[in-house]
**Q** 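Can you keep this structure in mind? I'll have questions shortly.
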Amino acid sequence: MLLALWPQGWSRQQRSNATLVAALVLMVLALSLLGQLLSFFPDPIGPNAQAFSEGARTTLWLTLVSGAVGLVLGTAAALARTARWTAVRWMAGVYIWAIRGTPLLVQILFVYFALPVLVPGLNLPDFAAAVVALGLNVGAYNAEALRAGLLAVPRGQTEAAKALGLGRMHVFLDVVFPQAFKISLPPLVSNFVALLKDSSLAYAIGVVELTNVGNRIQSATFQPIATLTTVAITYLLLTTLVTQVSNAVEYRFDVEGRNR
Amino acid sequence: MTATTNQPKPYIVAERVCKSFGAHQVLKDVSTVFHTGEVTVIIGASGSGKSTLLRAINRLEPHDSGRITIDGVDVCDDLATLQRQRCEVGMVFQQFNLFGHMSVLDNVTLAPRRIRRTPRTQANDEAMQLLRRVGMQDHAHKYPWQLSGGQQQRVAIARALAMQPKVMLFDEPTSALDPEMVKEVLDVMRGLARGGMTMIVVTHEMGFAREVADRVMFFDQGRIAHDAPPQEFFSNPANDRIRAFLGQVSH
């Protein structure tokens, strides 16, 4: 959407940069002005505008932190899945198998309630526990998205890079990863958007994020339509902004001009 | 003294090299010597092992037994040695294998910038010289997908030359090209050969072999079945298999 706004003459990089900056500015603006905007609405939204806006901020923050954790974990697990050593491949396989095979809600509850029992002294606060569980979860899905990308880079690319005398590190960082990442980007974005919405499950361990706020207000005011609609629209706003950022990144990698 | 330094000396030596893919043995006790300044053309039916020998030289396909040495140094799994050797041995592939996410210029400068730590401006200057040599200087800022096959292959040759290799390996460099683009690539290769580059070329271009090669090698079922100067090789085929093969490719 934003990408279409820029002048015809701009290069791909310029458009991508402009979109990134614009989307980030919009995100900050939206979050800082959300409280004021909602305060103009009638009861039950107006009086609770501040709570909504804090909830939205917590949701976004939770998503960003666990998204970053998930990207690092996902890259590591994808590499481990394609590694030469059987033990490493196997460990990554078990991680992905366990995470994908169990409900996220169970994982969140597990990290918050069971982990302190298993590892005495490891009492994570609710937000940190949510970050660990969400990060682990999205990491497993990201690993498969990135692995698909790694496998999709033709063998000839690696061979050509090796034949030039490049070391393993450079073969990977300069040749394989950029191309794999480009292929993985759409599924990675899907995972990130899903994470933004799934972060609502942190509600279960008492994190005061958007859904939690909405539900509390809804039950206090007996006005479910207005409150839950506000919650839904706020999520929609956040995901829209996030996809603007990811579109800009995708556009930057699109040297073939396939995304018009 | 000057005469002796220009004398061809053994550069790549293969001794009893064997390689199997599963039960299928593609190289059977291949022994040969490639000298400096020599242009060797390897021909043979597909599956006869000619590409595998080429890929064994820079260890894209490790051989099972026997020995390959480059300038006296064994080709083995030691990474540091291998990377040094690969810098000395340029390779051009049938499918070009240009890095699709990089411009032509970046394709050529990547190896010098990463391996020799050449500063970008200097690397760009040197790359432009190479691109001029292959007639691609006007396309330096394009991406591979914007180029024709012949253009991509010429860029691939420039990329392989960027590390100033002592030998160039060509693995069927014109087999994936439309007929009208074959000539532009062969012209670049002719220029290289005239400049004294040591070349090992796997190809089906008999005209090129006749004109440029110092030596033509015929591979048959994993062995070097015949090895002769082009004049002799083509005018007086050594056996029926070669005659049959030449008859097939000329039609």
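To find a chain, count down the sequence lines: A is the first, B the second, and so on, and within it residues start at 1. Every value quoted in this text rests on a predicted model; they were computed, and no experiment measured them.
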**Q** For B/Cys87 and A/Gly165, work out which heavy atoms get closest and say how close.
**A** SG-CA, 4.1 Å
**Q** Tell me whether the count of non-hydrogen atoms from other residues, nucleotides or ligands lying under 6.0 Å of CE in A/Met91 goes above 12.
**A** no
**Q** In terms of heavy-atom contacts, does CH2 of A/Trp6 have more than 12 from other residues, nucleotides or ligands at under 6.0 Å?
**A** yes
**Q** For B/Leu98, is it the side chain, the backbone, both or neither that has a heavy atom under 4.5 Å from a heavy atom of chain A?
**A**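 The answer is the backbone of B/Leu98.
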**Q** Please classify the contact of B/Val92 with chain A as side chain, backbone, both or neither, using a heavy-atom distance under 4.5 Å.
**A** neither
**Q** CG of A/Leu166 to CZ of B/Arg113: how many Å apart, nearest 0.5 Å?
**A** 10.5 Å
**Q** Select one option (side chain, backbone, both, neither) describing which atoms of B/Tyr143 are under 4.5 Å from chain A's heavy atoms.
**A** side chain
**Q** Which one wins on heavy-atom pair count under 4.5 Å against chain A: B/Leu169, B/Leu82, B/Ile115?
**A**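 Option with the greatest count: B/Ile115.
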**Q** In terms of heavy-atom pairs under 4.5 Å, which option from A/Pro154, A/Ala163, A/Ala161 contacts chain B the most?
**A**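 That would be A/Ala163.
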**Q** Can you name the closest pair of heavy atoms from A/Ala160 and B/Phe99 and give their distance?
**A**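 The answer is CB-CE2, 4.0 Å.
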**Q** Please classify the contact of A/Arg155 with chain B as side chain, backbone, both or neither, using a heavy-atom distance under 4.5 Å.
**A** side chain
**Q** To the nearest 0.5 Å, how far apart are CD in A/Glu159 and CE in B/Met91?
**A** 7.5 Å
**Q** Is the count of non-hydrogen atoms from other residues, nucleotides or ligands lying under 6.0 Å from A/Trp10 atom CH2 greater than 12?
**A** yes
**Q** Are the side chain of B/His101 and the backbone of A/Val176 linked by a donor-acceptor contact shorter than 3.5 Å?
**A**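 Not at all, since once roles are kept as given, no pair shorter than 3.5 Å links the two residues.
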**Q** A/Leu164 and side-chain contact (heavy atoms from CB on, under 4.5 Å): which partner among B/Arg86, B/Gln83, B/Arg159?
**A** B/Arg159
**Q** Which value, rounded to the nearest 0.5 Å, describes the distance between B/Arg114 atom CZ and A/Leu173 atom CG?
**A**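 If I round to the nearest 0.5 Å, the distance is 8.5 Å.
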**Q** If you count heavy-atom pairs within less than 4.5 Å of chain A, which of B/Ala80, B/Gly90, B/Gly100, B/Ala160 leads?
**A** B/Gly100
**Q** Got a donor-acceptor contact below 3.5 angstrom from the B/Asn97 side chain to the A/Gly156 backbone?
**A** yes
**Q** Within a radius of less than 6.0 Å around CZ of B/Arg59, do more than 12 heavy atoms belonging to other residues, nucleotides or ligands occur?
**A**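 Yes, the 6.0 Å shell around CZ holds more than 12 heavy atoms from other groups.
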**Q** With a sphere of 6.0 Å drawn around CZ of A/Arg168, does it hold more than 12 non-hydrogen atoms of other residues, nucleotides or ligands?
**A** no
